[in-house]
Amino acid sequence: MINYDFNKIEKKWQKKWQDKKIFEVNEDPKKKKYYVLEMFPYPSGNGLHMGHAFNYTIGDIYARIMRMKGYNVLYPMGYDSFGLPAENAAIKANIPPRKYTDDAIKNFISQQKSLGLSYDWNRMLKTSDLEYYKWNQYFFLKFYEKGLVYRKSASVNWCKKCNSVLANEQVHNGRCWRHGDTEVEIKQLEQWFIKTTQYADELLADIKKLEWPDRIKIMQDNWIGKSYGSEIKFEINGEKWPIFTTRPDTIFGVTFMVISAQHPKLNELITKDYKKEAETFLKKIRSTKQEDMDKLDKEGVFTGSYAINPLTNEKVPIWIGNFVVADYGSGMVMAVPAHDQRDFEFAKKYRIPVKTVIIPEDTRIITIEESLNKDFYSKVSKFAKISISDGLANIYSDKVDEVFALAKGNFIGSPWYIHSEGKIKKILFHSSKEDRIFDWSSGKGIKEAKDYGLKIKIKKEQLDFNELKQAYTGNGILINSRGFNDLRSDEAKEHIIKALEFKKLGKKTIQYKLRDWLISRQRYWGTPIPIIYCDKCGIVPVLEKDLPVKLPDKVKFGEGNPLATSKDFVSVKCPKCKEKARRETDTMDTFFDSSWYFLRYTDNKNHKSPFDRKKVEYWMPVDQYIGGAEHAVMHLIYARFFTKVLRDLGFFDKKINEPFPKLFNQGMLHGNDGFVMSKSRGNVVLPEEVSEKYGIDTARLFLMSIASPDKDTQWSDNGIEGSLRFVKKVFDVIPKIKTGKSSKRLESKINQTVKNITEEIMGFRYNIAVIKLRQLFEIIEQENEISKNDLDIFLKLLSPFAPHISEELWEKTGRKGFISLADWPVADDKKIDANLEKQEEAMEKTISDVLNILKIIKEKQGKDGEKIYLYVLPNEKDSYNEEMLSKRINKKIKVYAVNDKNKYDPENKSSKVKPGRPGIFVE
RNA sequence: GCGAGGGUAGCGAAGUGGUCAAACGCGCGAGACUCAAAAUCUCGUCUCUUAGUGAGUUCACAGGUUCGAAUCCUGUCUCUCGCACCA
C-alpha cells in the first residue's frame with residue numbers, strides 16, 4: 001500500500017477551490033436557494049479545537065450535499081468579534097483589543113480553511129468592523145424611534161469580574177454566564193433596555209412552528225414563561241394596589257400580603273413603629289449573597305400596614321419577605337398559606353393564621369357534630385365508613401383508594417378529612433411524632449384502624465388547620481368562601497374574577513417571565529450606544545447622518561467605564577441645542593451584534609444600508625441553522641426578536657417571521673478522558689496536530705462516525721486509526737480498480753446505498769451514512785470490475801465527508817472539473833434487486849457454515865481442511881463465485897452444480913443441498 | 001423541587017413491537033502473508049454445545065401488557081442537561 005501524502009493533497013485542493021472561487025455564490029432567481037449556517041464563533045486567542053471542527057464539519061457536509069443536489073447554497077462564515085475576552089486580554093497583555101481580535105481571526109480563518117470547509121469566504125464579516133457595528137447603532141436608533149428602546153433605573157445584575165451589568169439571560173444560577181465562580185450582585189442603576197417583552201406573545205406562539213429540537217423549544221417556552229392569571233386590587237392606605245395571582249380561587253384564604261424587599265414603593269408601607277425592624281431586615285437582605293438567598297428560609301418583617309381584601313373587606317397585614325421577586329407580577333403577593341407552600345412556611349414561622357379554602361375533590365370535612373353523634377357515611381366517598389363513638393374513631397373501608405387522616409400527637413385531637421378515589425390501597429396516618437403508612441391493599445375486606453392500635457380522639461375546638469404539615473396546592477372544591485362554596489377551582493376562578501370585574505377591582509391578565517433585554521455594558525470592546533446627554537435637552541439620540549459613532553482607539557482601562565476616559569469621545573455638541581453635551585459611554589451587549597449577522601451575510605459589503613432588501617428576501621430564512629444548545633435562551637431568543645422587529649420596521653417582507661425555521665443542535669465533543677475539552681484540563685485535541693498525523697479527511701470521517709452528531713461524543717486517539725485505515729484503502733484501491741461493467745450485485749448495492757446515504761445525510765445521521773459507505777466499499781473491493789458511472793457515484797458519496805481525497809481521486813480517474821460541484825447521484829430503483837440481497841445472505845451463510853465446519857474438524861480431528869467443495873443447485877451456480885469465496889475463506893474452493901456428472905463428491909454431500917444452502921464437503 | 005434526555009456486549013455506538021445474541025468502529029484472539037516483525041488480508045469475539053446444529057442467559061433493576069419486548073406501560077435506582085422561591 002502506498003502512503004499517501006494527505007497534507008499535500010489537502011493544500012492542493014484548498015488552493016484550487018479558493019482560486020476558482022467555486023463556493024462563492026450570488027443570487028440566482030433560476031436556482032433554488034439554500035442557506036446553511038453555523039453559529040458564528042467568538043474568535044478566541046486560543047484558536048480552534050477539535051470541537052469546532054466537529055461543529056463545522058456537520059454544516060459543511062450539509063452544505064456540500066445541498067450544493068451537489070443543485071441548490072444555490074449560501075454557506076458563510078464570520079466572527080462575533082466584539083466582547084469581553086479580547087478586552088481582558090488587552091488589559092492583561094497590553095495588546096490593543098483590535099489587534100488581539102484581528103490576529104485571532106486571522107488564525108481562525110487559516111485553521112478553518114485547512115479543515116476543508118466550503119465557505120463562501122467572500123461574505124466574511126466581523127462584528128467589530130466599523131462597517132458592521134455602525135448598523136448596530138442604526139438599528140438602535142430605529143428601535144428608539146419606535147419606542148422599543150428605553151432607559152430606566154432598575155435593579156440589575158452586576159458581575160464584578162466582567163465589571164459590567166448582565167442581561168437576565170446571562171445570569172445562570174445566580175452566577176455570571178462567563179464566570180461560573182462569580183456571584184451576581186444586584187445593583188440599582190440606570191440602563192438601556194430593549195422591549196423584548198413587547199414580542200413575548202409572538203415569540204412564544206411561533207415556537208411551535210419551528211423545526212427545532214424539543215428541548216430547545218421547551219427551554220424557550222419556559223423562559224418566556226407565560227402564565228394566565230388575574231390582577232386583583234387590594235386597597236392599601238386608600239390606594240388601590242394591583243396584585244397578580246394565578247389563583248384567584250383562593251382569595252378567601254388570604255391571611256397576609258408579602259412585598260418584595262426590592263420593591264420601589266416599599267418605603268410607603270413601612271410605618272414609624274416598624275421602621276427600625278424593617279431597616280435591620282433590609283440591611284440583612286442586602287448583605288446576603290444572591291446565591292445564599294436561594295437556600296435561606298422564608299423570612300420577613302411586618303411593615304405596620306394593612307391591605308383590604310376586596311371580596312371580604314378583611315384587613316390583612318403586609319409583610320416584607322425575602323422570597324418575593326421584585327420584578328415579576330406586581331412585586332407583592334397575596335399570601336394564601338393553606339394553598340401555597342411558600343406562604344405556608346412563612347405563616348408557620350410567624351404564626352400567621354392559615355385558612356383553608358380549598359379541599360381536594362371527593363373530600364369532605366367531617367364536622368365534629370356529625371362525627372361525634374352517629375355512624376357516618378361520607379357523602380362523597382360512598383365506600384368509606386367512619387364510625388365514631390365515645391370519642392374513639394375507627395375507619396372502615398373496602399374500596400377507597402387513599403384515606404388520609406391528618407392527626408396530631410398521639411392521634412389525639414386535630415382535624416382530619418378523607419380523600420378517596422377508586423380502589424383502596426393505603427391508609428396514611430401522619431402524626432407529629434412519626435409518619436406511619438399502612439398498606440391497605442393486602443386486606444381484602446374491612447379492617448379496623450384500631451387493629452393497628454390506633455385511637456383517634458377528636459375535640460371540636462381543635463379543628464385548626466394551623467396544624468397542617470404542608471399546603472394543599474392542588475385544585476379542588478371551595479369551602480369557607482361565602483357565595484363561592486362548593487365550586488370547583490376552575491369554575492371559582494371564573495366566577496371570582498367576574499365578581500371582581502363587576503366591582504372594577506380585578507381583571508384577567510397575562511404575565512411573562514421574560515424581561516426586557518438590558519443591553520448596556522460598562523465595557524470598551526463593543527458598539528458605542530449612539531446617545532448624547534444634554535443638560536438642557538436631556539437624552540438625545542445621535543442623528544442618523546452623524547453615524548457612525550466610532551469606537552475610540554485610545555482609552556484607559558481599569559478606571560471604571562473605559563469610554564469615559566476618552567475626552568475626545570465623551571465631549572460632543574448636543575444635536576438639538578448645539579450646546580456642550582456628553583456621549584453615552586456604555587457599549588452594547590454583544591448579543592445585539594449576533595442578532596442580525598445572518599442578514600448581513602446576504603449583503604456583507606453594502607455601505608449604504610445594513611443589507612439590500614432584495615438580497616435578504618432571496619436568501620432568508622436560514623434553511624438550516626447549526627449550533628450548540630448553550631444559546632437556547634440567549635442568542636436564539638434575541639435573534640428571533642430582532643427578526644420580528646426588523647420585519648415590522650419594514651426592512652423586509654412580512655413573510656420572513658423567523659430567522660431559523662430549522663435548527664440542528666450538535667453534541668459536545670469530549671476529550672480522550674471523557675471530559676469537555678478545555679485548556680485547563682489539558683485534554684484539548686488540536687485539528688492541525690490530528691491533521692498532520694492522519695489528514696483532515698480522516699479526521700472529518702472519524703468525527704462523523706463516532707456517534708450521531710446530535711449526541712455528546714468522545715474523541716479517541718485509537719478510534720481514528722480505524723478511519724485512517726479506511727481512507728488509505730480507498731485511496732489505494734480506487735485508482736487501481738478495473739473499470740468496465742458493474743455486476744448486477746454491485747449495481748443493486750450501489751443504488752441501494754445512494755438511497756440510504758442520501759436519506760441519512762439529510763436526517764443528520766452521518767454516522768450511519770459512513771457505515772453504509774464502508775459497506776459499499778467492501779463490495780467494490782470484492783468485485784473484479786466496476787463501471788465508470790458507479791465509480792463516480794462512490795466518489796460522490798464519499799466527497800462530503802472526505803472532500804480532498806475525493807477531488808484527488810476524481811482527478812486521478814480522469815474526471816473533469818470539481819467533484820464538489822458534481823451532481824449528487826440519484827438512485828435507480830430499477831437496479832435495486834431484493835433477490836440479490838437474498839443471494840448475498842445465502843453466500844454469507846455458506847461462508848460461515850464452511851468456516852464452522854473447518855473449526856470443528858480442527859478441534860475434533862486435529863486437522864486443517866485443505867480443500868472445500870460446494871454442491872449447489874444448477875440455477876444458483878452463478879451466485880457462488882469461486883474466486884471470491886476462496887479469498888474470504890482463505891482456502892481453495894471448488895463449486896459444482898449438483899447435476900455435474902464429473903463432480904468430486906466422495907461422501908455424497910451433494911444430497912444435502914437445498915435452495916440457497918449448498919452441500920459442503922471438506923477434506 | 002420542576003422540566004428534558006439517557007443507562008445496550010471489554011470500550012465507543014446503532015437499534016424504538018417479531019427478520020435481534022443485537023449493525024459498525026475500537027480493543028482483544030486466531031489464521032494467512034513474512035526468515036521475523038510492522039502493515040495488510042480473512043475469520044472469530046455472551047455461555048454451553050455442534051460436519052454446517054441445538055440450547056441457555058442478556059440490552060440499569062423489579063413488575064406488567066402482548067402469541068411475542070432492548071423496543072410499550074408502571075415503579076425503583078442512577079447519570080447528564082436546563083430552570084429554579086415567577087405567586
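Letters A, B, ... mirror the listed sequences (proteins, then strands); counts begin at 1. Quick note: numbers below take in every heavy atom, side chains included, and nothing from hydrogens, waters or symmetry partners.
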Distance, [atom1] atom - from [M] to [N], rounded to whole angstrom:
N	M	atom1	answer
C24(B)	A14(B)	P	15 Å
A9(B)	C28(B)	C1'	13 Å
C46(B)	A36(B)	C1'	36 Å
G54(B)	C20(B)	P	16 Å

Look at all strands and tell whether [X] reaches a base, only sugar-phosphate, or nothing, counting heavy atoms closer than 4.0 Å.
X	result
I856(A)	base
G722(A)	sugar-phosphate
V324(A)	base
T246(A)	sugar-phosphate
V850(A)	nothing

Nearest-Å distance for atom pair [atom1]/[atom2], residues [X] and [N]:
X	N	atom1	atom2	result
I868(A)	A32(B)	CD1	P	14 Å
I218(A)	C2(B)	CD1	P	16 Å
I853(A)	G52(B)	CD1	P	7 Å
Q782(A)	U42(B)	CD	C1'	11 Å
N322(A)	A87(B)	CG	P	18 Å
Y228(A)	A87(B)	OH	C1'	18 Å
K217(A)	A4(B)	NZ	P	14 Å
I243(A)	A87(B)	CD1	P	14 Å

Counting distance only, does the side-chain N/O of [X] pair as donor-acceptor with the main-chain N or O of [Y] below 3.5 Å?
X	Y	value
R765(A)	E759(A)	yes
D516(A)	T196(A)	yes
N322(A)	E299(A)	yes

Nucleotide opposite [N] in a Watson-Crick or G-U pair, distances under 3.5 Å:
N	value
A55(B)	U47(B)
C81(B)	G3(B)
C24(B)	G12(B)
C41(B)	G31(B)
C61(B)	G75(B)
G68(B)	none

Y904(A)/Y896(A) aromatic ring centres below 6.0 Å: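 Ring centroids of Y904(A) and Y896(A) are no less than 6.0 Å from each other.
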Position toward the 5' end of RNA chain B (nearest nucleotide), P918(A) or E721(A):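 Final value for this comparison: E721(A).
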5' priority, RNA chain B, between R247(A) and I720(A) [closest heavy atom]: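 The residue closer to the strand's 5' end, by nearest nucleotide, is I720(A).
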Listed nucleotide nearest any side-chain atom of [X], set [options]:
X	options	value
H172(A)	C83(B), C81(B), A87(B)	C83(B)
S227(A)	A87(B), G52(B), C83(B)	A87(B)
V325(A)	A51(B), A87(B), G52(B)	A87(B)
K912(A)	U50(B), G27(B), G52(B)	G52(B)
K298(A)	A87(B), C85(B), A51(B)	C85(B)

Heavy-atom protein contacts under 4.0 Å, nucleotides 10-24 of chain B, coded B base, S sugar-phosphate only, - none: --SSS--------BS
Where does the angle between the aromatic ring planes of [X] and [Y] fall among parallel (under 30°), tilted (30 to 60°) and perpendicular (over 60°)?
X	Y	answer
Y869(A)	F921(A)	parallel
F256(A)	W319(A)	perpendicular
F664(A)	F764(A)	parallel

Side-chain H-bond candidate by donor/acceptor type, N718(A) with S716(A), under 3.5 Å: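 Result is no, nothing qualifies.
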NZ/K349(A): more than 12 non-hydrogen atoms of other groups inside 6.0 Å: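 More than 12 heavy atoms, drawn from other residues, nucleotides or ligands, come within 6.0 Å of this atom.
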Salt bridge (charged side-chain N to carboxylate O under 4.0 Å, His left out): pairs with one or both residues in residues 216-226 of chain A, sequence neighbours excluded: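 Pairs touching residues 216-226 of chain A that pass the test: D201(A)-K226(A).
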U53(B) OP1/OP2 closer than 4.0 Å to side-chain N/O of K845(A):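 Indeed, a polar side-chain atom of K845(A) lies that close.
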